[in-house]
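Contents: one structure, followed by commentary.
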2 protein chains.
Amino acid sequence: MNATDYNKLAGRIKLLSHPARLRILDALRREAECVCHLEAFLGKPQPYVSQQLRLLHKAGVIQAEKDGLNVFYRLVDNEMIVWLDHILGPIEGEHPEMIIHKQVVFCPCPKCETGDY
Amino acid sequence: MNATDYNKLAGRIKLLSHPARLRILDALRREAECVCHLEAFLGKPQPYVSQQLRLLHKAGVIQAEKDGLNVFYRLVDNEMIVWLDHILGPIEGEHPEMIIHKQVVFCPCPKCETGDY
DNA sequence: ACAGTATATGCAATTTTTTGCATATTGTCA
DNA sequence: TGACAATATGCAAAAAATTGCATATACTGT
């Protein structure tokens, strides 16, 4: 590993080093989520959430899929998925924050409409 | 995991998200190093190196051991060691930068004097 | 005690991140 | 088409991290 490699690695690690982004990634490694859900359980304004998503998207870590008015983001970076497994522990069952969310939020995104939440 | 947990975790990850600190930790996970060696292969001024070390020390990730004029730093955070294993890959053989360093630096720290380097 | 060496500390300047918010864009439905 | 809803974008203010450097401290050998 030369100096450039360390720079690149550190840059990727920086994506994880922010509470909001870490929470987003923790949610996304379970399944794709739309902005409205992330907004709901982060408790942050929508432009704020979209900006963190933009960061992750520009780095190629997540991918956007449009479905009508909603945009679903999916975690597509395998290395990052492995890192998250080791840092946050493996995924077990449903995301706790999503369970809370289930009781509180009911938006007209496809997931909510089909009764997934 | 609640919001506070994510904050703490992100804070710890932030320690890794800087090229100089990442390089320092990569070196320290092999064996304890004194500041003069870290300074040599980072190619950064000594106060700069000491400051990054202070950050890591305050977070409890590394420990200082004095030996005469020198201070040897040791990586003592097990979780961090595991993270580094997954992010940087497992340790194999000698640190490449230390081999270069072997040819270039010969300081009067105990390691150099005993011919370890 | 003095000179020299390794490391630490403190602080200001700079740069980067984070945050907040107004507004733009895009798609839906009536 | 017009009103509305979900998301994106741009930009400035605030906060935090990084960097550089002068100087302090601690230890050694003479």
5'-most by nearest nucleotide on DNA chain D - A:Gln51 or A:Asn70: A:Asn70
Five-pair end axes of the helix from C:dA1-D:dT30 to C:dA30-D:dT1, angle between them (10°): 20°
Salt bridge (Lys or Arg N to Asp or Glu O under 4.0 Å) contacts in which one or both residues fall within residues 50-71 of chain B, not counting sequence neighbours: B:Glu65-B:Arg74
Using atom [atom1] of [X] as one end and atom [atom2] of [N] as the other, report the distance to the nearest whole Å.
X: B:Gln52; N: D:dG20; atom1: CD; atom2: P; answer: 11 Å
X: B:Tyr48; N: D:dA17; atom1: OH; atom2: P; answer: 14 Å
X: B:Leu42; N: D:dT18; atom1: CG; atom2: P; answer: 14 Å
X: A:Lys44; N: D:dA6; atom1: NZ; atom2: P; answer: 21 Å
X: B:Glu39; N: D:dG20; atom1: CD; atom2: C1'; answer: 14 Å
X: A:Ile13; N: D:dA17; atom1: CD1; atom2: P; answer: 16 Å
X: A:His37; N: D:dT7; atom1: NE2; atom2: C1'; answer: 14 Å

A:Met1 CE to A:Tyr6 OH distance, which is reported to the nearest 0.5 Å: 4.0 Å
Touch class at under 4.0 angstrom, heavy-atom based, for A:Tyr73 against every strand present: sugar-phosphate
Contact state string [nucleotides 23-30 of chain D, B base, S sugar-phosphate only, - no protein heavy atom under 4.0 Å]: ---BBS--
Contact interval (first through last nucleotide) of DNA chain C with protein chain B, 4.0 Å heavy-atom: C:dT5 to C:dC11
Shared hydrophobic cluster for A:Leu75 and A:Leu88 (ILVMFWY, side-chain gaps under 4.5 Å): yes
ILVMFWY network linking A:Ile62 to A:Phe41, side-chain heavy atoms under 4.5 angstrom: yes
Residue list, ring pair (Phe, Tyr, Trp, His ring centres under 6.0 Å) with B:His86, at least two apart or on another chain: A:His86
Which pair of non-hydrogen atoms, one from [X] and one from [Y], has the smallest distance, and what is that distance?
X: B:Leu15; Y: B:Leu55; result: CD2-O, 4.4 Å
X: A:Leu38; Y: A:Ala27; result: CD2-CB, 4.2 Å
X: B:Lys44; Y: B:Glu39; result: O-CG, 3.3 Å

CD (A:Gln46) with more than 12 external heavy atoms under 6.0 Å: yes
Plane angle bin for A:Tyr48 and A:His18 - parallel if under 30°, tilted between 30 and 60°, otherwise perpendicular: tilted
Residue list, salt bridge (charged side-chain N to carboxylate O under 4.0 Å, His left out) with A:Arg29, at least two apart or on another chain: A:Asp26, A:Asp85
Phosphate OP1/OP2 of D:dA17 contacted by B:Arg21 side-chain N/O (<4.0 Å): no
